[in-house]
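Reading through the structure tokens given below for one structure.
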Amino acid sequence: MDVTLEKRKGYLLLTFNTGGKYNVFTTRFMIEMIDSLSEIEKIRDPHYLVIRGENGNFGAGADVKELLKANGDKEYARVYFGHMKDLFVKMLSLNKVTIGLVEGVAYGASMELLLALDLVIGKKGTRFAAPGGRLGVFPPVLVSIGPYLLGHRASRKLAMLGEELDTQGAINVGLIDYEVEDMDKGLMEVLNRLKAMSPSALVRMRKLILLSLIPHLEKAFDELATQVTSDEAKEGISSFFSKTTPSWSSVGFS
């Protein structure tokens, strides 16, 4: 099982582990996440959901092996990115206050998942990036709802340059809220601050802030399902596996 849900004192803890060195967005992981979030919606109390990746990493984004399969199969691309879209919609509409604990790396779709969370605590040394353009694809959540959450300039720069940020850089653009040495201690500090607020008021706040963003996701995921089947995506994904440079990177300027 990739996703585990545990009831702690005062909050729910959802952890995920997709195996290997990094957690990635496999079809199995996304389906399990959607199912787990559906079960969480049925739980009346507690009102706080903490999300954390295992193996010392939050996640490295889409599974490149599945991107390769999607590149050659339009129907598979539609289904794969349909699951991804459904996961983000479910997260945005969840009736819980969500807190992310992030360490190691948060790349691609894993970084984008932070945009759907209410508060994010990053361990010092964590790295963040959305490098999908290097594979011939793009970060659908960042380009669709990122401008509303991070601002247009920051979203464009993150998506178009694919540059890596450290925790302080992530705070500066609004991607995370806190940099800590000890995430468990940081979590307790945030939860103790939140408990001064009415839980039902907090849930209504998040819904009013986030629900209006959901329609913006639809077009972006449709576009991505088309882009992943393009010749450039084929070259970019193949270059990733062969550890070579795609042809567009060799363009000279003068």
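Small disclaimer: the values here were computed from a predicted structure and weren't measured. Scope of the values below: all heavy atoms of this structure, side chains included, with no hydrogens, waters or symmetry mates.
- Between Leu114 atom CG and Leu175 atom CG the span is 5.0 Å, to the nearest 0.5 Å.
- Taking 4.5 Å as the limit, some side-chain heavy atom of Leu150 sits within range of a side-chain heavy atom of Leu158.
- Leu37 approaches Leu94 most closely through the heavy-atom pair O-CD1, 3.7 Å.
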Output, in order, the C-alpha distance, side-chain angles, deciding distance and verdict of side-chain hydrogen bond (donor to acceptor under 3.5 Å, both in side chains) for Thr98 and Arg206.
CA-CA 9 Å; Thr98 56; Arg206 89 175 306 268; 3.3 Å; yes

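- If you check the side chains of Asn17 and Asn55, you find a donor sitting under 3.5 Å from an acceptor.
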Test side-chain hydrogen bond (donor to acceptor under 3.5 Å, both in side chains) applied to Thr18 and Asp2, step by step:
CA-CA 5 Å; Thr18 64; Asp2 291 343; 6.0 Å; no

Show, in sequence, the C-alpha distance, side-chain angles and deciding distance for Arg52 and Glu103, and conclude whether the side chain to side chain contact (heavy atoms under 4.5 Å, CB included) test is met.
CA-CA 9 Å; Arg52 184 174 194 171; Glu103 62 184 321; 3.8 Å; yes

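- Judged by distance alone, the side chains of Thr27 and Glu66 do bring a donor and an acceptor atom under 3.5 Å apart.
- Annotation: the span from Glu223 atom CD to Ser144 atom OG amounts to 11.0 Å, rounded to 0.5 Å.
- In this structure a side-chain-to-backbone donor-acceptor pair under 3.5 Å is present from Ser238 to Lys234.
- In terms of heavy-atom proximity, Asn57 sits nearest to Gly104 at OD1-CA, 3.2 Å.
- Rounded to the nearest 0.5 Å, atoms CG (Leu217) and CG (Leu224) are 11.5 Å apart.
- The side-chain heavy atoms of Phe81 and Val228, taken from C-beta on, include a pair separated by under 4.5 Å.
- Surrounding CE of Met197 are at most 12 heavy atoms belonging to other residues, nucleotides or ligands under 6.0 Å away.
- Ionic pairing of Lys96 and Glu41 is not present here: no N-O contact between side-chain nitrogen and carboxylate oxygen is shorter than 4.0 angstrom.
- Between Lys85 and Glu218 there is a salt bridge, since a side-chain N of the basic residue sits under 4.0 Å from a carboxylate O of the acidic one.
- The local environment of CG in Asp231 is sparse, with at most 12 non-hydrogen atoms from other residues, nucleotides or ligands closer than 6.0 Å.
- At least one side-chain heavy atom of Met205 sits under 4.5 Å from a side-chain heavy atom of Leu202.
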Derivation of the side chain to side chain contact (heavy atoms under 4.5 Å, CB included) call for Leu14 and Val50:
CA-CA 6 Å; Leu14 184 154; Val50 177; over 6 Å; no

Intermediate values then yes/no, side chain to side chain contact (heavy atoms under 4.5 Å, CB included), Leu213 and Leu210:
CA-CA 5 Å; Leu213 302 179; Leu210 297 177; 4.0 Å; yes

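- Met84 and Ile31 fall into different hydrophobic clusters, defined by Ile, Leu, Val, Met, Phe, Trp and Tyr side-chain heavy atoms under 4.5 Å apart, directly or through other members.
- Following chains of ILVMFWY side-chain contacts shorter than 4.5 Å, one cannot reach Val105 starting from Tyr178, and the two form parts of different hydrophobic clusters.
- Gly136 approaches Ser230 most closely through the heavy-atom pair O-OG, 4.4 Å.
- Summarising the local packing, NZ of Lys90 is surrounded by more than 12 heavy atoms from other residues, nucleotides or ligands at distances under 6.0 Å.
- Relative to the six-membered ring of Tyr76, Lys69 meets both conditions, a distance below 6.0 Å and an angle of at most 45° to the axis.
- In this structure, Phe29 is a member of the same hydrophobic cluster as Ile51, with clusters built from ILVMFWY side-chain heavy atoms closer than 4.5 Å.
- How far CZ of Phe221 is from CD of Gln227: 14.5 Å, rounded to the nearest 0.5 Å.
- Of all heavy-atom pairs spanning Arg78 and Glu75, the tightest one is NH2-OE2, 2.5 Å.
- Aromatic pair His216/Tyr148: centroids less than 6.0 angstrom apart.
- Between Lys195 and Asn192 the shortest side-chain heavy-atom distance falls below 4.5 Å.
- In this structure, CD1 on Ile99 lies 6.0 Å from CG on Leu119, to the nearest 0.5 angstrom.
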Given Ile176 and Ile121, is the side chain to side chain contact (heavy atoms under 4.5 Å, CB included) satisfied, shown in steps?
CA-CA 6 Å; Ile176 70 172; Ile121 300 167; over 6 Å; no

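- A donor-acceptor contact shorter than 3.5 Å links the side chain of Asn23 to the backbone of Glu54.
- No more than 12 heavy atoms of other residues, nucleotides or ligands lie within 6.0 Å of CZ in Phe240, so this atom counts as exposed by the packing criterion.
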Test side-chain hydrogen bond (donor to acceptor under 3.5 Å, both in side chains) applied to Glu6 and Thr15, step by step
CA-CA 8 Å; Glu6 180 182 349; Thr15 57; over 6 Å; no

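- Contact of the Lys123 side chain with the Thr126 side chain is registered, since non-hydrogen atoms from C-beta on lie closer than 4.5 Å.
- Side-chain atoms of Asp177 come within 3.5 Å of backbone atoms of Val120 as a donor-acceptor pair (strictly under, hydrogens ignored).
- At most 12 non-hydrogen atoms from other residues, nucleotides or ligands lie less than 6.0 angstrom from CE of Met160.
- In this structure the side chain of Ser36 reaches within 4.5 angstrom of the side chain of Val3, judged on heavy atoms.
- Across Leu115 and Val141, no two heavy atoms sit closer than the pair CD1-CG1, 4.1 Å.
- Glu235 has its side chain within reach of Trp248: a pair of non-hydrogen atoms, C-beta onward, lies under 4.5 Å apart.
- Rounding to the nearest 0.5 angstrom, the gap separating the CZ atom in Phe128 from the CD atom in Glu112 is 14.0 Å.
- Proximity of Phe88 to Ile145: side-chain heavy atoms (C-beta onward) are nowhere separated by under 4.5 Å.
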Does Lys207 form a side-chain hydrogen bond (donor to acceptor under 3.5 Å, both in side chains) with Ser93? I'd like the steps, not just the answer.
CA-CA 6 Å; Lys207 285 190 173 183; Ser93 59; over 6 Å; no

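- With hydrophobic clusters built from ILVMFWY side chains whose heavy atoms lie under 4.5 angstrom apart, Leu191 does not share a cluster with Leu12.
- At a cut-off of 3.5 Å, with distance as the only test, no side-chain donor of Thr229 or Asn71 sits close to an acceptor on the other residue.
- Closest approach of Leu142 to Ala130, counting heavy atoms only: CD2-CB, 3.9 Å.
- Taking 4.0 Å as the cut-off between side-chain N and carboxylate O, Asp63 and Arg28 do not count as a salt-bridged pair.
- Linking Ile, Leu, Val, Met, Phe, Trp and Tyr whenever their side-chain heavy atoms come within less than 4.5 Å puts Met91 and Leu149 in one cluster.
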Show your working on ring pair (Phe, Tyr, Trp, His ring centres under 6.0 Å) between Phe58 and Phe16 and close with a plain yes or no.
CA-CA 9 Å; Phe58 192 72; Phe16 49 86; 5.4 Å; yes

